Amino acid sequence: MTQSRPNEFIPPSECPVFEPSWEEFADPFGFINKIRPIAENTGICKIRPPPGWQPPFACDVDRLHFTPRIQRLNELEAQTRVKLNFLDQIAKFWELQGCTLKIPHVERKTLDLYVLYKLVKEDGGFDVVCKERRWSQIALKMGFAPGKAVGSHLRAHYERILYPYYLFQKGNSQKPTLNNDTKDKEYKPHDLPQRQSVQPAETCTIARRAKRTKVKGRYRNLIHTLTSLFKLDNNVKEEPIEQQVEGEKAKVRVEQYMCLVCGGGGDEDRLLLCDGCDDSYHTFCLIPPLHDVPKGDWRCPKCLAQECGKPQVAFGFEQAPRDYTLRTFGDMADSFKSDYFNMPVHMVPTELVEKEFWRLVSTIEEDVTVEYGADIASKDFGSGFPVKNGTFKVSPEEEGYLSSGWNLNNMPVLDASVLTHVTADICGMKLPWLYVGMCFSSFCWHIEDHWSYSINYLHWGEPKTWYGVPGYAAEQLEKVMKNLAPELFESQPDLLHQLVTIMNPNVLMGHGVPIYRTNQCAGEFVITFPRAYHSGFNQGFNFAEAVNFCTADWVPLGRQCVEHYRSLNRYCVFSHDEMTCNIAAKADILELELASAVQKDMCAMILEEKMLRERAYKLGVWHSQQVDYDLLPDEERQCAKCRTTCYLSAITCPCSPDQLVCLHHIEDLCSCPVKSYTLNYKYTLAELKPLFQALTARAESYEDWASKVNKILKNKKLIEAEKKTYPETDLLSHLCQVIQNADRCTSMAQQLLNGKRQTRYRSGGGKSQNQLTVEELRSFVNQLYDLPCTIRQAPFLKALLNRVEQFQQESSDLLAEDMPGSSALDGLLDEGASLDVELPQLAVLRQRLEQARWVEAVQEASDQPADLSLDCMRRLIDQGVGLAPHACVERTMARLQELLTVCEHWEEKAHNMLTARPRHSIVTLEAAIQEVDSIPAYLPSCLQLKDCVSRAREWIMEADALQAGGRIPGLAALSELVSRARGIPVMLEPLTRLESLVSEVQAWKESAAKTFLLRNSSHSLLEVLCPRCESGPQKSKSKKAKDVSVPCKKVEVKLDSLFDVEKALSTSKDTASAMATLSDVHQKELESLSMLRTSNESKFQSSPSCLAPTVCLCHTVPAGPMLQCELCRDAYHSGCVPGFKDVQSGLPWLCPLCKHSEKPPLDKVLPLLASLQRIRVRLPEGDALRYVIERTVRWQHKVQQVSPTPHPNGKVSLICSNIIRLKINEHMTLFYLYSFPETKKEPEKLEKNSKRRLEKENIEGQHRDKIKKPKKKKPKMNKERRREEKQTTSPSNSLSDLSYSDDSEEDWSVCSAKQCQQPEGNEVNWVQCDGSCNQWFHQICVGVSAEQAENEDYICVSCSKTLPSQK
């Protein structure tokens, strides 16, 4: 049954990492032998050289070029390759039927046809599964969810795609058809056999290492022949032989059109011709019969069997079509990785690359292809390490790298290396190989040739990820892989020796195979131990170098490997027997450990050779001859059966002198009698004996002395070793150490108590430490008590050990708590630090302290929600991510993450609400704020949202108050309110209406500007409508006199400029106050104009100085026809200014400085005022326009009153008429009526203090009700006369009253007394003249009491003078 793979790759455990000291690093094999007990349990280990060991890169980069291998990742994995081979077979089967294979989808994922086929086959086949209704169980086994009727879909797909192939495998000859679903994805065959560029090789030279891409294996047929149904021969049909007579050829041509089943040639329209061999078959003779002639190509049963029965080609790597240099390959590799991960190569995490690699090799839907420059011979392009007499010149300080034992060119040939005694330079074993990798390029599961050690050094580039299996688990790995992918091993028994197959470490670990991993970075070594399977891949562009080496402990494994190769019929890279004999010939100079190991190996070799020769003699091989196999290359002395390299002996036969076999396969040489065979030997058994004795003498003396040392360690044994001059060995060194052990223990114990210890390096953790572990301290204390003498420091060390054990107990108790406090952890850490012993609990305590501090920090931040911002939460989460897993940390992290998610959601929601278009209503925002208030965190956008809602509420209140009770808002307040509303991101319902009002006001101002302003005028509308407010020379005096005359009046507003007037109008509360302001400005205008006229008229009066006055715009003396302005009385040359024709026609003329506006007719202006009243918005221009209209109406009224007789103040009236900006029909009449007669009387001030406001008047304009006017009993004549006067009043006056009824009191709210006392208070009594003027007076100003005003008629002074004449 197929094992399902995990969805995500889980990295295996890390292998040990060692950091040797400089002293340890000086002896490579000594250090490797030291770490071997630890490292060989993981199969691989990593070694970091001491800091500062950085050999120069000596490879000739410009000369290095290579052709890499092409690796398609999903073809590397064993189980994936089995599936691809199966799908290729299915696709080929249907292609021969004229159909295209398409992979169906079930439950939105691609259907695994291979797993479906295997499961149905394991359950008894299609018929059994259908009969017993097991399709639902099949679906469950394939990982589909139950209860979705997937079984019926699987049955349909199996019956449509796989069942015909299954029947074909069983020998059924039916010709099926394949109906594909249009939604299915078409399968493109991988054509693995056609893409193998390297064919299997039969030989291997001694100068080259085994080529891992050259493979050969046995194949099996996928199908059975179809003779059971067709009753044909079992052999595949052969092509006709060309050398036939013409008659036979003609017969063959005739038989080609005869049905091979029935033998008949009739029914030619139903006769099918095979597109492969031109054989003929009737459609009704086939089983089952075909109803119609099939479309497309059609193959007969024999051709189908022939095509599908071809054996599989052994899998190997293709060679890339192009040659690379190191630079061009690096550009390609970096571009591939950055494009694949869409980020710079140095930013891609190694964990991400690792998971992605194992995902890609396990999928059949993604075809990712990479290239790997592997097995590049260093002798051709130079090693990455500098070598003596090489092309790369080293500096004097780098000369030490030339002879370093860690230089991979030196390591295989060191004195302690067994490979030193192999005479040939084996590329890859004795000479390093170079490897240029890119992202995802991989090296598959394999063990080194002859189960030797290997060492790999990464010169530069991105890391290389390794996976290793201990040597003791090698057979377990082989067994698991054969069980999971038996199809591959049936065709290639030595598949694992070809370096072309990988399998997911998680799958192997799931079957009990121990696996370890590591990431090899630049400048680090990785060592693999004997028979340790290893594989891996490159994280990116890098450059590595590797070589093999063998030590004394490898010798017995090497012979075992040769026996294993013989069982697989695999060639050897070198002859193990030849190496053993070469070592034995140098017995006198061998190291004792190597001599002892080789002596045991040679003993086994001689015994086996003796047994084999005796067996050959018994079989009848009596002829023999001595042959010097040293002179023959390895290819000429390989066993024809097992391909083992023969050295001590071999069997040959005269029938084939170039072929030989080893003594294990005498029967497999040839068919000749054994008696004709010849035994060829290198040494006789007698010649081997001296070699063996020399080894024995060298090894046994050492072993005898070693056994004595192990029995008893006394000083006399050291003396014996010195007398017999035993060579320096580890055992002798150990004896010396034992002799000095007591002194050293005493010294070390004293150092421990004093706190002074020598620095040493420990392996496995990757960091140097100078403290004893607890176990080491315990062992040392036990060692002290085991010594045959008393050490006085022992009790003190025992007390230290007791303190350490007590600390460990307290640590265990504290760590058992869910989350202890940081203060308790700090105290315990201080206690542990004072013990000066390496305590593993310290790391856990520090870890727990970080966790406790983080939890406390989170709690503290949560207690102050006002300071708990999003950045603070993210910072706490980032700090917590790096902490070790713990239940309390996970709970706190979950709460914090949940709070952050909620806060981010509401922050984003609040931001979206603030920037939404159209804007949200205030009700929606307040509902959101109610939810936000329950979140204990600082959320800027939410606070901004609250502020916006608060401002919106205030704005709505102000807007409502602005128009409450029928109030008429001012334009300034309205514009300011609208401007503020645009900055509030809330949907404000009154805003649209207010904006409409502002727009209407702007449109009204534009209309008014078109009505009043001259073309290209530089004046503003307000400047034209308002009385002129330029300060005169006596302004301050006049104002001061006015202030003195009215001591009880409030301080007036400064009105010296248009800006002051506009500000006063904008801030006025109602129309009455605005009219009063304009009246003050008008009074100033009259005073200023009067002074200006006096000044201009004085120019023409005789003066003591006979200087001529300067006039006109040109500032010259009068000359020629002159024009005089009716307003300012200044003179102008007729040629300098326009308007001369107006003067001739009798029209009044105004100078350019006095003429500001167009002076439109009153009937054109009144609609403007009415439209402004409909808008119901007060603005300075509107108040000014109203004031102008009221002045105009009053002036007309006065003109009508005085028109019958000349008015004594005609001069002032004319001045007023020119100041008023409106054209009126009576203007010309007034102009001609009053020709400015001289008078001694002071000009009457027509509108002095025209607007006097009552204090404490109502905002709603109800001051008329507060002023109590007496109800006078007037004579009837007066009433009738008053009625007639009202009827004779101009229409403009009535229009003015109707158009602005709210402020009609302006006409009677001004006291007409010449010297008004301007009374103030809550109630002011008035009286109206019953004469012809109908003017109003303060009762106090004219000396009338309230009773008199009520009961008697009142005639003012002016009317009393005119009454006699009227009578």
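All values reported here derive from a predicted model rather than from experimental measurement. Just so you know, these numbers use all the heavy atoms, side chains as well, and skip hydrogens, waters and symmetry mates. Quick note: residue numbers are just sequence positions, from 1.
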Practice task
Run the numbers on Cys1356 and Phe1337 for side chain to side chain contact (heavy atoms under 4.5 Å, CB included), then give the verdict.
Solution key: CA-CA 9 Å; Cys1356 67; Phe1337 299 86; 3.7 Å; yes
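- Distance check: Leu1086 CG to Arg1093 CZ gives 11.0 Å after rounding to the nearest 0.5 Å.
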Practice task
Under the side chain to side chain contact (heavy atoms under 4.5 Å, CB included) rule, what do Tyr1187 and Leu1025 come out as? Steps first, then yes or no, please.
Solution key: CA-CA 9 Å; Tyr1187 185 70; Leu1025 295 177; over 6 Å; no
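- Judged purely by atom type and a 3.5 angstrom limit, Gln1328 has no side-chain atom pairing as donor or acceptor with the backbone of Trp1336.
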Problem - Derivation of the side chain to side chain contact (heavy atoms under 4.5 Å, CB included) call for Val1342 and Val1327 - result: CA-CA 9 Å; Val1342 295; Val1327 64; 3.9 Å; yes
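- Applying the side-chain contact (heavy atoms from CB on, under 4.5 Å) test to Leu997 and every residue at least two apart in sequence or in another chain returns Gln963, Leu974, Leu994, Glu1000, Ile1175, Val1177.
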Handout entry: Stepwise side chain to side chain contact (heavy atoms under 4.5 Å, CB included) test for Met1122 and Val1111
Key = CA-CA 10 Å; Met1122 300 294 292; Val1111 295; 3.7 Å; yes
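- Residue Leu1150 holds its CG atom at 5.0 Å from SG of Cys1125, rounded to the nearest 0.5 Å.
- When every heavy atom of Pro1027 is checked against every heavy atom of Val1081, the shortest pair comes out as O-CG1, 3.4 Å.
- Taking CG of Asn1096 as the reference point, atom SG of Cys1151 lies at 8.5 Å (rounded to 0.5 Å).
- Considering CG of Leu1078 and SG of Cys1026, their distance stands at 5.5 Å, rounded to 0.5 Å.
- Nearest heavy atom pair, residue Ile1355 against residue Cys1359, reads CG2-CB, 3.6 Å.
- In summary, the side chains of His1082 and Glu1085 do present a donor paired with an acceptor at a separation below 3.5 Å, with no hydrogens or angles considered.
- To the nearest 0.5 Å, the span separating NE2 on His1338 from SG on Cys1311 amounts to 5.0 Å.
- Looking only at distances, a side-chain donor or acceptor of Asp1330 sits under 3.5 Å from a matching main-chain atom of Tyr1354.
- With hydrogens and angles disregarded, no donor-acceptor distance shorter than 3.5 Å links the side chain of Ser1095 to the backbone of Met1091.
- Rounded to the nearest 0.5 angstrom, Leu1092 CG and Leu1127 CG are separated by 8.0 Å.
- Residues forming a side-chain hydrogen bond (donor to acceptor under 3.5 Å, both in side chains) with Glu958 (at least two apart in sequence, or on another chain): Arg980.
- Every residue two or more places apart in sequence or in another chain that forms a side-chain contact (heavy atoms from CB on, under 4.5 Å) with Ser1020 is listed here: Leu1022, Glu1023, Leu1058.
- Between the Ser1079 side chain and the Met1075 main chain, no donor and acceptor come within less than 3.5 Å of each other.
- For Cys1136, the side-chain contact (heavy atoms from CB on, under 4.5 Å) partners two or more places apart in sequence, or in a different chain, are Cys1112, Cys1114, His1133.
- For Glu1006, the side-chain contact (heavy atoms from CB on, under 4.5 Å) test picks out no residue, with sequence neighbours left out.
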